[in-house]
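Chain letters run A, B, ... following the sequence lines, proteins first, then strands; residues in each count from 1.
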Protein chains: 2
Amino acid sequence: MIPVNPDRFLADLHALREIGASGIGKGVVRPAFSGDDIKARQWIAARMTEAGLEVHIDPVGSVWGLAAAEKSLLIGSHSDTQPEGGWLDGALGVIAGLEIARASIEAGGPPVSAVNFEDEEGRFGVTTASTIWSGALSLEVADELTDRDGVTFADARGAMAHLVTGPFVDPARFSGFLEMHIEQGPWLDQAGDTAAVVSDIVGIRDMRITFEGEQNHAGTTPMHMRRDAFQAVSLFNARLNDRLRNVVTPQTVWTIGHINLSPNAHSVVPGKAVFSMQWRDGDTDRLSRMEAIIRDTAAEVAAEQGMELHYSSLLGLEPVPMDVGAQAALKAAAETHAKGRWRALQSGALHDAANLSRLMPVGMLFVPSIDGISHAFEEDTHEEDLVKGLEILADAAGRWAV
Amino acid sequence: MIPVNPDRFLADLHALREIGASGIGKGVVRPAFSGDDIKARQWIAARMTEAGLEVHIDPVGSVWGLAAAEKSLLIGSHSDTQPEGGWLDGALGVIAGLEIARASIEAGGPPVSAVNFEDEEGRFGVTTASTIWSGALSLEVADELTDRDGVTFADARGAMAHLVTGPFVDPARFSGFLEMHIEQGPWLDQAGDTAAVVSDIVGIRDMRITFEGEQNHAGTTPMHMRRDAFQAVSLFNARLNDRLRNVVTPQTVWTIGHINLSPNAHSVVPGKAVFSMQWRDGDTDRLSRMEAIIRDTAAEVAAEQGMELHYSSLLGLEPVPMDVGAQAALKAAAETHAKGRWRALQSGALHDAANLSRLMPVGMLFVPSIDGISHAFEEDTHEEDLVKGLEILADAAGRWAV
């Protein structure tokens, strides 16, 4: 096993959370390409250099610490955060990659490279930099993407242009990819387990639905004559909940997280509602059956309530199984370091590993999220679980490395 | 009967709609204190002067055309509009007041004064100027009110300060108030009637309700562990619709017109929902029974769904019955000019007349809204109905004037 240093690992994690510290709990604020995000990336690059890795910063701000060997195992994640982020999230996987690569150089172990992808949190989409690197999104198209304030990806990455050291790294340099991440869900914390070997990353379907009825005066329009777009959404939601229960598993999730009414005023019957519909499952067939139910229910409600119905294009991310060899290495390592206190788990969240699976075999390890909380300043994990996670990952890296 | 001139009345209505014309249909854009609103008020003041009325502009921008007599009948409404307004709405009542006052001077009829209240549409509240004039809202408190952009009423009325001719008019000058308005609802249009004598203006209850659950990742939070604020609103709405049906009449209305989710993102289970709940009815007891059902249902849903529940203060406007004498005069006039083609109707919308009822006896006349549309560029009324309305109002004014 690569002899990692838990104290140095924890010290680096705590040092990193000082950059962009929210001042509320351990929370951090480092959205992609913000000043603190860039500062954090420079700090990590400096640690990589100290460790004896060759630092490379690519055109979209991903920071690489490359092993000297022609072929190496890649370990990492991302250090950018949500606007209100936790200190671990992707930073945990970045520092774990740094520590394992560093320890392996010190001990003369197998070649390990570390990576810190940019904009995993999706200021400009979803897992932006790793999507581009995987070839699924061209830089030209990505450059046109805008954040909520209308800033383009091209302009945002311009803030790091002076730090770029060269073009994109050749994926052929890497034999595989390992990513450690917090679970972001409650299963490990509730079971009292220390870690989870990820079996697969769920598929996601996401679209916007619009019901367009008739805007009217909320005092003078009788109930029976209304074509109230909010009422249509509410009815759609109630029916959908009933109908989906027949096809889902306990792991399936669906969410209406966004809704905009027009004109969104107390005294006006809303004429239009635009809302998001997102659903996730590990099985492509089930995702499709859910889509059919969603579209049938929306059409039925639209017809009953006198609504025009529009859909945005459907974002579809397919489920991604983790590599069998990577899972075997992680399971053997987990059984060594946390005997009987680990489990296999599906990832309900998307990760950079999903993109990298297009290029190489990938594996993922989860550590618990206390109370299942993530994407919030309150996000945390017990330090003994962080260390156990590091040890499992280092052991698996040793077993799986070239 | 005061011998009104329908052609002059229609010509004035069409001339007024050129000020702030939207360019879409007959629509107009004249929010309170906007450049076009002020221009319209100056144009109306000029017509009042030409008619021989004494023009007075009070500190909140209401424009008065005062008859010379010690006591006169007041007729009018408001010429400000919603951000997307119809050409008639309140402008109809203002020009009707102008025409009747003008015709009465020409014919040596009874003394009639005309009025054009400011901000009936509620850029800074609801029926702002007439509320202040009625004594229900002090100018000091009103001056602190802000519009959606944070502009204060004090700053907004500053734009008309150079036009103000003196303090508020003494209400003792008037024996009563008549207001003609479009119905803003579908009843007259559907029945094919020409006019309605308003029996009363419904009461309104309005508040904001907040459900606060827990914000979570939409991929990793299992359905059974969510405390999703949107789901709470949807369940509340469905149950409320069921329960209210047992206590309401066909005229009762209730509306959720506004909802804001936090953080309002596709991939996040919404932790918080703030939404409006407004209900209207002509009967105070029924308004209270509805309030009890609303609060009970919200509390029940909050308990079941693990939500914190908060209410804003309740806005309460009591139902306002129209004066019996005014109704009798309007009914007699309606039967004379539109025999068998008028009805008594409750007003579901609030009007300046509701405030004036605190100061003097009031009466209201409605003309039809084509397809029940108002607060929209498409709002319209057939011109023969506008003229019939004017004739009924002029006849009633003659019967009811001092």
Contact winner vs chain A - B/S347, B/A273, B/S267, B/S369, heavy-atom pairs under 4.5 Å:
B/S267

Only pairs at least two apart or in different chains count here, so list each salt bridge (charged side-chain N to carboxylate O under 4.0 Å, His left out) that has a residue in residues 245-255 of chain B.
none

Report the residues that fulfil side chain to side chain donor-acceptor pair (under 3.5 Å) with A/Q215, sequence neighbours left out, ordered by chain and then residue number.
none

Residues in residues 183-193 of chain B near chain A [non-hydrogen atoms, under 4.5 Å]
B/E183, B/Q184, B/G185, B/P186, B/W187, B/Q190

Best-contacting candidate, B/I259, B/L235, B/V269, B/N216, against chain A by heavy atom pairs under 4.5 angstrom
B/I259

Which of B/D228, B/V233, B/N241 touches chain A most, by non-hydrogen pairs under 4.5 Å
B/N241

Quick one: what part of A/A376 sits under 4.5 Å from any heavy atom of chain B, side chain, backbone, both or neither?
neither

Please look at A/H266 and chain B and tell me whether the side chain, the backbone, both or neither of the residue comes under 4.5 angstrom of a heavy atom of that chain.
both

Hits for side chain to side chain donor-acceptor pair (under 3.5 Å) against B/R286, two or more places apart or cross-chain, chain-then-number order -> B/D281

Whether B/E300 and B/R239 form a salt bridge (side-chain N of Lys/Arg under 4.0 Å from carboxylate O of Asp/Glu) is what I want to check.
yes

With no hydrogens and no angle check, do the side chains of B/T128 and B/E120 hold a donor and an acceptor under 3.5 Å apart?
no

What option among B/Q251, B/R208, B/R280 has the most heavy-atom pairs under 4.5 Å with chain A?
B/R280

Between A/N355 and A/T127, is there a side-chain donor-acceptor contact under 3.5 Å, judged purely by atom types and distance?
yes

